[in-house]
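Counting starts at 1 for both ligands and their atoms, following the listed order.
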Amino acid sequence: MSVVRCKICGITRLEDALAAVAAGADAIGLVFYARSPRAVSIEQARAIVTALPPFVTTVGLFVDMSRAELDEVLAAVPLDLLQFHGDETAAECEAVGRPYIKALRVRAGDDVAALVDVYPGARAVLLDTFVEGVPGGTGQAFDWSLVPARLSKPVILAGGLTASNVAAAIAQVRPYAVDVSGGVEASKGIKDASRVKDFVRAVRAVGESM
Ligand SMILES: O=C(O)c1ccccc1NCC(=O)[C@H](O)[C@H](O)COP(=O)(O)O
């Protein structure tokens, strides 16, 4: 049996974070990108992170944020892991000095292995769907056959996942973890507890069958 971990991203409310933890999520993601409909303020994020029980990884998501703004967030919010979701270089990610994952937005023709190798210091890569002008949270899946069987980093699979397609995604890609946002929402930024539960259950069920 191999466990596939599960991250619920784009949390904006403590009740949604607690529902994700109760459903068995391993990690929650907080979007520090002002243009996202799922953006959280420093105060909102701090209130969520400090109210969570231990053994749940809190991930802060950033899109080409200035170092000064990033430092302001990091000083106020005790995040476990950073997720760089923009065009940050490896040097920029590593200069922060925190454990990080790098989001890579995949489109047809990409050499995913080569993209991954650009970030040797990343703990993992999050493979998401490339949509022009939209850095993430697109609700769209990419062609999973673009992901090679072997990569130099653990893969977190994202992009258009739902309780209905996550089993097929895991069977094809065999990721370390999966990440979902829109597929478990009632509306943008507001999670639906029963969809969250169904999603985590679907991930756990496929893990047990592998
Ligand atoms: O969620 C957003 O609004 C967002 C905005 C800008 C950059 C990244 C964003 N989300 C990143 C995530 O980690 C999402 O979970 C991932 O893109 C998958 O989203 P979805 O396709 O809706 O499941």
Side-chain angles (χ1 to χ4, degrees), residues 4-13 16-17 19-20 23 25-41 44-45 48 56-66 69-70 73 79-88 93 100-107 110 112 115 119 122-144 146-147 154-170 173 175-192 195-196 198-200 202-203:
V4 178
R5 287 160 179 83
C6 186
K7 168 169 166 262
I8 308 295
C9 200
I11 298 271
T12 63
R13 307 186 303 173
D16 294 347
D26 300 287
I28 61 128
L30 300 162
V31 177
F32 294 92
Y33 177 58
R35 288 163 63 187
S36 167
R38 306 172 178 107
V40 285
S41 65
Q44 252 175 306
I48 293 169
V56 178
T57 303
T58 53
V59 183
L61 194 152
F62 306 92
V63 181
D64 300 320
M65 186 178 258
S66 73
E69 285 176 293
L70 180 58
V73 173
L79 296 165
D80 296 315
L81 191 60
L82 312 187
Q83 177 176 328
F84 292 111
H85 215 99
D87 294 325
E88 301 86 358
C93 296
Y100 76 91
I101 57 182
K102 182 68 186 79
L104 302 170
R105 297 158 63 221
V106 179
R107 58 181 144 175
D110 277 346
V112 173
L115 296 177
Y119 295 91
R123 294 289 174 96
V125 290
L126 182 144
L127 301 181
D128 200 355
T129 308
F130 182 92
V131 174
E132 189 68 54
V134 188
T138 64
Q140 294 182 41
F142 66 94
D143 176 1
W144 303 322
L146 291 166
V147 184
V155 167
I156 304 162
L157 183 66
L161 297 177
T162 65
S164 305
N165 68 6
V166 73
I170 291 171
V173 177
Y176 168 77
V178 290
D179 172 295
V180 65
S181 187
V184 293
E185 285 182 333
S187 60
K188 285 198 191 293
I190 305 298
K191 299 308 185 208
D192 177 321
R195 285 190 190 169
V196 170
D198 289 348
F199 185 84
V200 177
V203 174

Y33-ligand 1 polar pair, N/O distance under 3.5 Å: no
Side-chain donor-acceptor contact under 3.5 Å, K191 with T12: no
Option set V131, V184, D179, criterion heavy-atom distance to atom 14 (C) of ligand 1, minimum: D179
G159 touching ligand 1 at heavy-atom level, < 4.0 angstrom: yes
Nearest neighbour of atom 8 (C) of ligand 1 from the list G136, P37, A39, on a heavy-atom basis: G136
Polar proximity ligand 1 side, G137 side, N/O cut 3.5 Å exclusive: yes
Contact with ligand 1 for G139, non-hydrogen, under 4.0 angstrom: yes
Shortest protein heavy-atom distance from atom 2 (C) of ligand 1, along with the residue and atom involved: R38 NH1, 3.3 Å
Sub-4.0 Å heavy-atom approach of Q83 to ligand 1: yes
Identity and distance of the protein heavy atom lying nearest atom 16 (C) of ligand 1: D128 OD2, 3.3 Å
Proximity of V63 to ligand 1 by residue part, where a heavy atom lies under 4.0 Å: side chain
Region of L61 that comes within reach of ligand 1 [heavy atoms, distance under 4.0 Å]: side chain
